[in-house]
**Student:** 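One structure follows; several queries about it will come next.
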Amino acid sequence: MTLLPRAACVVALLLAMTASAFAASGDHGLAQWSIGALTQAKARIETLAGDLAQAPAELRRLNGQTRASLMSGTGVRGFTYLLIMLLAGSAAEWLYWTYAYAPLRAIQSASVQSPRQALRVGLRRLLLAGSGLMLFTVATIGASAAFSWPPGVQELVVAATLLVLVLRLAWVVVAIVLAPGRPPLRLVPVAPERARWLAALAMTVVCLLALGRFVPDLIERISGARHAAGAFRFIAATAAALLLLVVSFMFFGRAVRGAGAARMPRFPRSFLLALLVAAVYGIWLLATAAATIAAIAAVVVALQIGLRDMVFFFWQSDAASATGPKDKTEPEFDPVLPSIVLSAARFMVVLLGLGACAIALDTPAAELAMSESPMARLGLRVLGVATLALLTHAVWITVRTAIDQRLSRIEPGDAHEGPNASARLLTLLPLLRVTASVFLVVMLVLSSLWALGIEITPLLAGAGVVGLALGFGAQALVRDVIAGIFFLAEDAFRIGEYIESGTSTKGTVERITLRTVALRHHNGPLHFVPYGALGTVRNNSRDWVIEKFNLPLPIDVDSEKIRKLIKKVGEDMMADPEVGPLMLQPLKGKLQSIDPGVKIFRCKFQTAPGKQFDVRAQALKRIEDALKAMGVGFAQGR
Amino acid sequence: MHAPTVLRNARLLSGLVLMAFVTSHLGNLLIGIHSLAALETWRATLMGPWKSGAGLALLLGSACVHVALGLYAISARRSLAMSRTDVVQLGLGLLTPPLLLNHVVATYIAGEVTPDFDATYGMMLAVYWSFAPGYAFQQLFVVVIVWIHGALGLYAWLVLKPVWRRIGGLVLPVLFAIPILALVGFAESGKEVLEKLANDASWKTHITDNLERIVKVTTRLETFQTVVLAVYGGLLLLGIGVFAARMLRNRWESVRVSYDGGACAQGRRGLSVLEFSRLNDIPHAHVCSARGRCGTCRVHVDSGAQALSPPNAIERRTLARVQAGEGDRLACQARVLGPGVCVTRLLPAHADASAARVPQEWMAVDPAPAGEPAP
C-alpha cells in the first residue's frame with residue numbers, strides 16, 4: 001500500500017516527462033531528428049569558433065565606441081541619472097533598515113535549537129530582507145521613470161539595475177540558506193567551515209551566469225557586435241561550468257558519514273553532479289535553445305538526489321534525541337512526517353521544473369491546457385494522476401500513522417488484562433485501517449481513470465448493477481456488517497466479556513471480525529454468531545453483578561441473631577485481603593419467608609462481574625462455619 | 001582631557017566641518033535645478049566663506065586632520081572585526097582623497113597659479129559636460145562616495161543622541177535629498193551649459209580662453225598632484241603596515257573569554273572583548289561600532305577583571321552616562337590581556353540606538369541575551 005502510490009507517482013512523472021519530450025520533438029522520426037540535431041550542433045560549433053576568433057577585433061571596436069559615446073554629454077547625463085536612481089533606492093532601503101535592523105538582529109541572535117526553528121527564522125529573515133530589496137527595487141525603478149533618458153542609455157541602465165537586483169536577490173537567498181557565519185541558522189546540511197566557501201562559490205557562479213545573460217544581450221543590441229557577445233557568453237558559461245565542477249567535487253565528494261563501515265557503497269554524488277554539469281554544458285555548446293531545459297532538468301535531478309538529506313535534516317535533531325537514552329518518555333522519532341514532506345517536496349520540485357520549462361519555452365499554460373495535442377493532454381493528465389497518487393499517499397500515511405500510534409500506545413501492558421476500554425480500539429482500529437486502505441485504493445483507481453480521460457460512468461453503472469444483484473444476494477451479509485459496526489460503536493461488548501445473545505447463545509467474546517463474533521461457551525464450544533443474528537445482547541461483564549442465594553434454616557432459630565451473623569460474615573469478607581477487593585457491597589441477609597418447619601433467609605452481595613461464583617462459595621463456606629460455631633444446623637429436608 | 005578623547009573629538013569636529021562644506025557645495029549645486037545664473041549668483045553666498053582666509057584655513061586644516069586621523073585609526077586597529085557600515089565607511093573614506101584631488105586642484109589651486117583663471121560653475125560644468133567628460137564620471141563618483149561616508153558618520157553620531165527622537169525624522173530624508181537634488185541640479189545645469197555652448201559664441205570663447213590658461217599650467221598642477229598622492233599613499237601604506245604589524249605581533253598568544261550562556265571565544269591577547277565576540281560569531285550588541293559612545297556593548301565582568309585593560313576616559317564617561325553598575329565594562333574598550341576573563345552581556349544583541357539614547361528603558365531587560373528562545 002505504501003509502495004503503490006509512490007510507484008504510481010514516479011511512473012506518472014516519468015511518463016509526463018517523456019510525453020513532453022516527444023511533444024517537443026514533433027512529428028519527425030527519431031533518425032531524422034538526430035541528424036538534424038547533429039547538423040545544428042556542427043553549425044553551432046563553427047559559429048562559436050568564429051565568435052572566439054573575431055571577438056578581439058570587435059571588442060576593440062566596441063571599446064572605442066563605448067568610450068566615444070560615454071565621453072559626451074549623453075554619457076554624463078546617463079551616469080548622473082543612474083547614480084540618482086541608485087541613491088533613491090538606497091535611501092528608501094536605508095530608511096527601511098533603520099526600522100528593520102533591530103528586529104533582524106533579534107531574529108538572528110535568538111538561540112535556535114533545531115533546524116525546523118531555523119527554517120522559521122529563515123523565513124522571517126527572508127521576509128525582512130526581501131521587503132528591503134523590494135523597496136529598493138520599487139524606489140530605483142520609480143526614480144528611473146522620472147527622467148527623460150538620452151536614447152540608448154535606458155537599456156544600459158535597466159540592464160545594470162537588473163544585474164544589481166539579481167545579484168542582491170541571490171545573496172539574500174544564499175545568506176539565508178547557507179547562513180555563512182551562523183551555523184545554527186543553516187537550512188541545509190553543510191559543514192560550518194565549508195559554508196563560507198560554498199556561499200562565495202555560489203555567488204560567483206550566479207554572478208557569472210547573470211553577467212553572461214545580461215551583458216551579451218546588451219552588446220548585441222546596442223552595437224550589434226554579435227561575435228563579441230557570443231564569445232562573452234562562451235567564456236561566462238565555461239567559467240560557470242568549471243566552477244560548478246569544482247563545487248560538485250569539493251562539496252559533495254564525501255557524504256556525511258552515517259552508519260560508518262556498515263554502509264553500502266553508493267554511486268558517488270560528486271561524480272553524478274559533475275556529469276550533470278558537464279551534460280548541461282555540452283548541450284549548451286551544441287544547442288543553446290535546449291540548454292535552458294537541460295539546465296532545469298539537471299537542477300531537478302540534482303535536487304531529487306539531495307532532497308532526502310535536505311528534508312530529513314529538518315528532523316535530524318529528533319532522530320538524535322530519539323536514539324539517545326535519556327529521552328525514553330518522549331514519543332520516539334517517527335520518520336513518517338518527513339517522508340510525507342519528502343514525497344511532496346519531490347513532487348513540487350518536478351512540478352516547478354515543468355513550470356520553469358513552460359516559462360522558458362514561452363508556452364502559455366492556459367493554451368497548453370486547452371490545446372488538442374494528444375501528447376500535451378496526456379502529459380497534463382498523467383500529472384493529474386501523479387498529484388492524486390501523492391495526495392492518496394499522504395492521506396494513507398497520515399491515517400496509518402494515526403492508527404498505528406494509537407494502537408502502539410494501548411498495546412503494552414493492557415493486552416492480557418481482560419476486558420477494558422482499549423479492547424474496543426483493538427478491535428476497531430485494524431478494521432478501520434483495512435477499510436481505509438481499501439477505500440483509498442478504490443478512490444485512487446477510480447479518480448486516476450477519470451483523470452486519464454477514461455469514462456468511468458459505465459464502470460460505475462455496471463458496478464451499480466452488479467452491486468444491486470450482489471446486494472440482494474448479500475443482504476444478510478450487509479446487515480451483519482452494519483449491525484456489527486453499530487455494536488462496536490455503541491460498545492455493546494468487547495473482547496473478553498461474557499455475553500448472552502438474544503438467541504440464548506452465550507460465552508466469552510474471543511474474536512470480533514467484520515461479520516461475526518466468536519463466543520466461547522464456558523463448556524468449550526465456540527459459537528460464531530453473525531451480528532445480524534445477535535439480537536438483544538446481555539452483557540454479563542459490565543460494572544457489577546448482584547448475586548442472591550437462599551439459606552434455609554430450622555424454624556426455631558432467632559432471626560435477628562442470624563441476620564447479625566450474616567452481616568458479621570459480610571464484614572469479615574470485606575476485610576479479607578483476598579475476597580474483599582472483589583466485593584463492591586458486603587454480604588447481607590434477612591428473613592424472607594417462613595415455610596412450614598423452615599425459615600428461609602435471603603442473602604445478597606455485589607461483586608465485580610465474573611467474580612460472583614467465587615465469592616458465593618466463600619460466603620457459603622463462612623456462613624456454614626459461623627452457623628456451626630453458633631450450634632445451628634441447616635433445615636432438614638423432608 | 002585624555003588623548004583618546006581629544007582624538008575622537010578632533011575627528012568628529014573636522015568631519016563636521018567637512019560635512020558642512022560639502023553640504024553648502026551640494027546645496028549650491030542644487031540651485032542649478034533653477035538655472036545656471038542662479039547657481040552662479042548663490043556661489044558667493046554659499047561658497048564664498050570657504051574661500052576667505054579663515055574659511056580656507058578651517059577647511060584645509062579639517063581635511064588634513066580628518067585624513068590623518070583616519071589613517072591613524074587604521075594603524076590603531078587591532079583586528080579586522082568591523083561592522084559592515086565600518087567597512088563601507090573606511091573604504092569610501094580611503095577612496096576620497098585620490099578621486100577628489102584633481103577637482104580641488106582645478107578649483108582652488110589653479111586659481112592661485114594662474115591669476116586670471118576663474119573657476120566658475122559654468123566653467124567647470126562646461127569641462128565636465130563637453131570638454132573632458134571623463135572628469136565628470138570621477139566627480140559624480142566622488143559626490144556619492146563623500147556623501148555616503150559623511151552621512152554614515154553623521155548618522156552614527158546623531159542617532160545616539162536623545163535629540164534624534166525629535167530631529168531624526170527630518171534629518172534622514174534631508175541626508176538623502178541633498179545628494180539626489182544636487183545631482184539633479186548638476187544634470188539640469190549641464191543641459192543648460194551644453195545649450196549655451198552651442199548657441200552663445202562669446203560665452204564659448206570665454207570658456208575656451210579660460211581653459212587654455214589652465215592647460216598651460218597643467219604640468220605644474222600634475223606634479224603637485226603626484227606629490228600629494230605619493231605622500232598620501234605612503235602614509236596609507238605606513239598605516240596598513242603598522243596595523244599588520246600589530247595583527248602579527250602576538251598572533252600566537254591565544255587566550256579565551258567565556259560568556260554567559262556557556263559561549264566561549266578564543267582570540268589573540270590584546271583584542272577587546274567585543275572583538276572576541278565578533279571574531280567568534282557571538283551575538284553582541286554594538287551600535288556605535290567600537291567607538292565607545294553608545295554603551296550597548298557593556299558587559300558585567302564576572303571574573304578576571306584584573307586581566308582586562310583599565311578603563312580609559314571615554315569608557316568612564318560613557319559608563320557614567322548609561323548608569324552602569326559596579327564591575328561593568330564597555331566590551332569595545334576593555335582589552336583582554338590575560339586568561340580567565342568571564343563576562344555577562346548586559347544588553348540583548350538586538351539592542352539598537354535607543355539603548356544609547358535612553359539607557360533607563362533597557363535597564364530592565366533580563367541580562368540573558370543569547371539564551372532567549374525564538375518567539
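Below, read A as the first sequence line, B as the second, and so on, with proteins coming before strands; counting in each chain starts at 1.
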**Student:** Does B:Lys191 have more than 12 heavy atoms from other residues, nucleotides or ligands lying within 6.0 Å of its NZ?
**Tutor:**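 Above 12, so yes.
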**Student:** What part of B:Val193 gets closer than 4.5 Å to chain A, counting heavy atoms only: side chain, backbone, both or neither?
**Tutor:**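 Contact with chain A: none, neither part.
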**Student:** Answer yes or no: is there a donor N or O on one side and an acceptor on the other, between the side chain of A:Arg105 and the main chain of B:His284, under 3.5 Å?
**Tutor:**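 Confirmed, A:Arg105 side chain pairs with B:His284 backbone.
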**Student:** With a 6.0 Å cut-off (strictly less than), is the heavy-atom count around CH2 of A:Trp149, excluding the residue itself, greater than 12?
**Tutor:**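 Yes, the 6.0 Å shell around CH2 holds more than 12 heavy atoms from other groups.
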**Student:** Examine whether an atom of B:Leu197 lies under 4.5 Å from a heavy atom of chain A, and if so say whether it belongs to the side chain, the backbone or both; otherwise answer neither.
**Tutor:**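 When you check distances to chain A, no heavy atom of B:Leu197 falls under 4.5 Å.
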**Student:** What distance do A:Leu83 atom CG and B:Ile180 atom CD1 have between them, rounded to the nearest 0.5 Å?
**Tutor:**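 If I round to the nearest 0.5 Å, the distance is 10.5 Å.
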**Student:** Calculate, to the nearest 0.5 Å, the distance between atoms CD and OG1 belonging to B:Glu188 and A:Thr80 respectively.
**Tutor:**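 Answer rounded to 0.5 Å: 10.5 Å.
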**Student:** With rounding to the nearest 0.5 angstrom, report the CG to CG distance, A:Leu82 to B:Leu183.
**Tutor:**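 These two atoms lie 10.5 Å from each other.
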**Student:** Please report the shortest heavy-atom distance between A:Val76 and B:Pro133, naming the atom on each side.
**Tutor:**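 So the minimum-distance heavy-atom pair works out to CG2-CB, 3.8 Å.
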**Student:** I'd like to know whether OH of B:Tyr135 has more than 12 heavy-atom contacts from other residues, nucleotides or ligands below 6.0 angstrom.
**Tutor:**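 No.
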**Student:** So for B:Ala182, is it side chain, backbone, both, or neither that comes closer than 4.5 Å to the heavy atoms of chain A?
**Tutor:**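 It is neither, since no heavy atom gets under 4.5 Å.
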**Student:** Side-chain contact, heavy-atom cut-off 4.5 Å: B:Tyr155 with A:Thr98?
**Tutor:**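 Yes, side chains in contact.
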**Student:** Give, as side chain, backbone, both or neither, the part of A:Tyr81 having an atom under 4.5 angstrom from any heavy atom of chain B.
**Tutor:**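 For A:Tyr81, the side chain is the part near chain B, not the backbone.
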**Student:** Would you find more than 12 non-hydrogen atoms of other residues, nucleotides or ligands less than 6.0 Å from A:Met134 atom CE?
**Tutor:**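 No, CE of A:Met134 has 12 or fewer neighbouring heavy atoms, counting only those of other groups under 6.0 Å.
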**Student:** Name the orientation class of the two ring planes belonging to A:Phe79 and B:Phe137 (parallel below 30°, tilted from 30 to 60°, perpendicular beyond 60°).
**Tutor:**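 A:Phe79 and B:Phe137: tilted rings.
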**Student:** State whether the number of non-hydrogen atoms from other residues, nucleotides or ligands found under 6.0 Å of A:Tyr96 atom OH is greater than 12.
**Tutor:**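 Atom OH in A:Tyr96 is crowded, with more than 12 foreign heavy atoms closer than 6.0 Å.
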**Student:** Please determine, among A:Ser90, A:Ala143, A:Ala91, A:Pro103, the option with the most heavy-atom pairs under 4.5 Å with chain B.
**Tutor:**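 So the answer, after comparing A:Ser90, A:Ala143, A:Ala91, A:Pro103, is A:Ala91.
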**Student:** Nearest 0.5 Å, what's the CD-CZ distance between A:Glu93 and B:Phe176?
**Tutor:**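 A:Glu93 atom CD to B:Phe176 atom CZ measures 10.0 Å (nearest 0.5 Å).
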